[in-house]
Number of protein chains: 2
Amino acid sequence: MGERKIRNMEEFASVSGISRPTVSKYFNDPTSVRASTRARIEAAIEQYDYRPNIYAMNQNRQLTKNIGIVVPYLADPFFGEIVRVIEMRCIEAGFSPSLFSSHGEPEQEKDILDTLRSLKPAGVLLAPLGRLSDKSAIETFCRDVPTVLFDSNIDGMGEAFVGSDNYSFVSQTVEYLSRTGEPPCFFEMKHPANPNANKRRRAYLDMMERLQLEPHVMQVDGSGWAFEEIGRKGAHDILNRQALPTNTVLCSNDRLAIGFLSACFEIGYKVGRSTGDDLRVASHDDHPFSRYTCPSLTTAAHDYGSVSGHAVETLFRLIESGGRFQRREETLFSARLIMRDSA
Amino acid sequence: MGERKIRNMEEFASVSGISRPTVSKYFNDPTSVRASTRARIEAAIEQYDYRPNIYAMNQNRQLTKNIGIVVPYLADPFFGEIVRVIEMRCIEAGFSPSLFSSHGEPEQEKDILDTLRSLKPAGVLLAPLGRLSDKSAIETFCRDVPTVLFDSNIDGMGEAFVGSDNYSFVSQTVEYLSRTGEPPCFFEMKHPANPNANKRRRAYLDMMERLQLEPHVMQVDGSGWAFEEIGRKGAHDILNRQALPTNTVLCSNDRLAIGFLSACFEIGYKVGRSTGDDLRVASHDDHPFSRYTCPSLTTAAHDYGSVSGHAVETLFRLIESGGRFQRREETLFSARLIMRDSA
DNA sequence: ATTTATTTTTTACGCGCGTAAAGATTTCAG
DNA sequence: CTGAAATCTTTACGCGCGTAAAAAATAAAT
């Protein structure tokens, strides 16, 4: 530890008794050198605490070891959890993840893509804003940088999409709700930013038709990413007008449901599936907070682990394939019904 | 737009009719060149869509334009919101923020500091894990990189700390609760990871002594960052044992309170400040979800905007001062009582 | 118009590392 | 032990830009 600080790879190579090109090769891919050489280098790294200058490394390399991760809204703990898994796997595979959040702003998303382009990443995992995304900006970006979309699909963009099967969410909740009580009406935002919302509405309509039940879609106003407040206000409005066509409400997503339940509590509606309860409420996503609503929220859960795991794995395959797939891949994971107390 | 792609600054300089050193100067600081020159360069940037290679730029620059942001736990929407404000201001000031989350893991935090060091950032905003942080790793890091701590203070580390005044939180809630009903007992984790928790307990004890009231501290088991579940389990335990010394509970933070309220609902305790309610519950932080608990949570709010704004401003000053302050700065912002329905 | 201060151009070198090519060395199968 | 294959060393160049220094051009002040 008492050794003086190594200034560059040249110096490091000389003190470790190995030629610089071999050291360089090692840092590009530790498995590309003989095991004995690798051991010597790693011993020297330990001893001298040397780390190559990442800027000089990336300057000439055609492909960096960076991976970009873009999420639409970090204040949603759902994405916090996804990011955790993704980052972990990137690091395990020897990549450096760079995390960005659009914070719900299309302008931000565009700027992030610009920034990412100049980072020359080996690949990017992009969860787009959805309806508000600048489609052409994303399209251009995907042509330059190997990209896997996740969470929200945008038709044809990127080399692959990995997400959850919205039909699987809705079919399970609708089936369960209509089997155990009154068939559900569907509660959602009028102009959802997220394309999954549209898929869920269609799945609801389809399921209701299959079951030969009459569908009711309740659409509430509101824009932005403050879903809870939109759900709460919308619920107040509907409940005060007594405009609910059934005693069972299926919310498009958990954050709306959280607001809905909060309104029910404020008004004094009892939510649950016991006798004496006024209303059943269920939803989709298994948001981290959904366990702690009052009552706890019956919902359909993303397969978090599989989605993030497969997204990363797909990106690695894409990188190894040189950034292009023969044809765009789409992988959807099924939901799992989470029975709690609200329905 | 039909122009062919510019490959480097040399080419860009020649097509824009300006010498390369001047162009380089411009990219270092646009205000350092004459206004007319700046206009010509910016017109050319627009026309040719040129962006300098960030790796080559940062290689030789003594100081990059990067700013590191480290948060302890991204799945907490509190930090999502803070990050949004911080990133915005960094970008406005011409810096590139790099976001990292320790995800509650001390090992991760250490790795992030290593990564950050090699990013050679102009400065770092660090919200440490707290008790579990590797203090010596952070200390070493702060010697190498100009760092401002925020959210959680660690004595003497970094050049400055910006956060909330825990005493201000607790004094307001305790004062309010004891003025309007039974004095509160204090509900917290036995081994809190976050140093703010300790400060809040001490503030509670101090306030109770001042008011000549008997303090009661209820400590529940549990480790990790799943505060809601720890709060819920702890509440179940305490409520089932009827071990609550008063009808008023002050939780150390909102996430514990969210779990506490969920347990109350499950057991059938009515929480609120109306006649007929069994229990009053209040807390601290004004977590984004605290508005949507049942009942909505009376709490004390961080001055989010001031904390994040002042943290960024302090870092900018630190950078301009060459990375060192005469003496360590500590800035604490007062809390604001948020009256809702739970107490 | 002349002087002075400011800005830009010209020229040139260096940063830390990637990488190519040719020769030397080591490893391992037979 | 021999020879081929794999790996390493030596040498050398280039990447895109920062930046220093001196000369030239421009702007501001007298």
Side-chain angles (χ1 to χ4, degrees), chain A residues 4-45 48-66 94 96 115 117-122, chain B residues 4-45 48-66 94 96 115 117-122:
Chain A
R4 76 173 201 292
K5 192 74 184 166
I6 272 53
R7 326 179 61 94
N8 54 36
M9 197 179 278
E10 195 78 53
E11 256 185 57
F12 175 75
S14 91
V15 296
S16 61
I18 293 175
S19 71
R20 189 176 69 76
T22 302
V23 172
S24 171
K25 203 152 174 291
Y26 165 84
F27 280 110
N28 262 315
D29 178 6
T31 67
S32 68
V33 301
R34 202 185 293 146
S36 60
T37 312
R38 177 175 179 177
R40 285 167 62 201
I41 293 177
E42 284 171 352
I45 291 175
Y48 296 97
D49 191 33
Y50 168 72
R51 309 196 70 184
N53 180 312
I54 54 167
Y55 297 111
M57 283 183 74
N58 286 329
Q59 171 171 16
N60 305 311
R61 254 217 282 257
Q62 60 298 356
L63 211 64
T64 70
K65 283 280 195 175
N66 298 328
S96 299
T115 304
R117 207 194 304 268
S118 67
L119 275 178
K120 301 185 195 307
Chain B
R4 77 175 198 290
K5 191 75 184 164
I6 271 56
R7 325 178 61 97
N8 55 35
M9 198 179 278
E10 195 79 53
E11 255 185 56
F12 175 75
S14 90
V15 297
S16 60
I18 293 174
S19 72
R20 189 175 70 74
T22 303
V23 172
S24 171
K25 205 152 172 291
Y26 165 84
F27 280 110
N28 261 314
D29 177 6
T31 67
S32 69
V33 300
R34 202 186 292 149
S36 60
T37 313
R38 179 175 178 176
R40 286 167 62 201
I41 293 178
E42 283 172 353
I45 291 175
Y48 295 99
D49 192 34
Y50 167 73
R51 310 196 69 184
N53 181 312
I54 54 168
Y55 297 112
M57 282 183 74
N58 287 329
Q59 172 171 14
N60 304 311
R61 253 218 281 257
Q62 60 299 357
L63 210 64
T64 69
K65 283 280 195 176
N66 298 328
S96 300
T115 304
R117 208 194 303 267
S118 66
L119 275 177
K120 300 185 197 307

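A, B, ... follow the sequence lines: proteins, then strands. Residue 1 opens every chain. Side chains included, hydrogens not; waters and symmetry mates left out as well; all remaining heavy atoms used.
Within the 3.5 Å criterion, the main-chain N or O of B:S32 finds a donor-acceptor partner in the side chain of B:K25.
Proximity of A:Y50 to the phosphate of C:dC17: a side-chain N or O atom is located under 4.0 Å from OP1 or OP2. In this structure, A:S24 does not reach the C:dC17 phosphate: none of its side-chain N or O atoms is under 4.0 Å from OP1 or OP2. For the pair A:T37 and D:dT7, the criterion of a side-chain N or O lying under 4.0 Å from OP1 or OP2 is not met. The phosphate of C:dT8 (OP1 or OP2) has no side-chain N or O of B:T22 nearer than 4.0 angstrom.
Going from atom OH of A:Y26 over to atom P of D:dT9 covers 15 Å, rounded to whole Å. If you measure from atom CG of A:D29 to atom P of C:dT19, you get 12 Å, rounded to the nearest angstrom. The CD1-C1' distance, from A:I18 to C:dT25, rounds to 14 Å in whole Å. Atom pair B:R20:CZ and D:dC15:P shows a separation of 13 Å (rounding to whole Å applied). A straight line from OH of A:Y55 to C1' of C:dC17 spans 15 Å, rounded to a whole angstrom. Atoms CG (A:N60) and P (D:dC15) sit 9 Å apart, rounded to a whole Å. Across the protein-nucleic acid pair, A:I54 atom CD1 and C:dG16 atom C1' stand 12 Å apart, rounded to whole Å. Atom pair A:K65:NZ and C:dG18:C1' shows a separation of 15 Å (rounding to whole Å applied).
Between C:dT8, D:dC8, D:dC17, one nucleotide has an atom nearer to the side chain of B:M9 than all others, and that is D:dC17. Considering only the side chain of A:M57, C:dG18 comes nearest among D:dC8, D:dC15, C:dG18.
Here A:P52 lies in heavy-atom contact (under 4.0 Å) with sugar-phosphate atoms only.
Evaluation of atom-type donor-acceptor distances gives a pair under 3.5 Å for the side chain of B:Q59 against the base of D:dG16.
Scored by the ring pair (Phe, Tyr, Trp, His ring centres under 6.0 Å) test, B:F12 finds B:Y50 as partners (sequence neighbours excluded).
At least one side-chain heavy atom of A:T37 sits under 4.5 Å from a side-chain heavy atom of A:I18. B:E11 places a side-chain heavy atom less than 4.5 Å from the side chain of B:N8.
Nearer to the 5' terminus of DNA chain C, by closest-nucleotide assignment, is the contact made by A:R7 (compared with the other of A:R7 and A:S36). A residue-by-residue look at A:N58 and B:K25 shows that B:K25 has its nearest nucleotide of DNA chain C further toward the 5' end.
When each of A:N58, A:N53, A:I54 is paired with B:Y55, the side-chain contact (heavy atoms from CB on, under 4.5 Å) condition holds for A:N58 and for no other.
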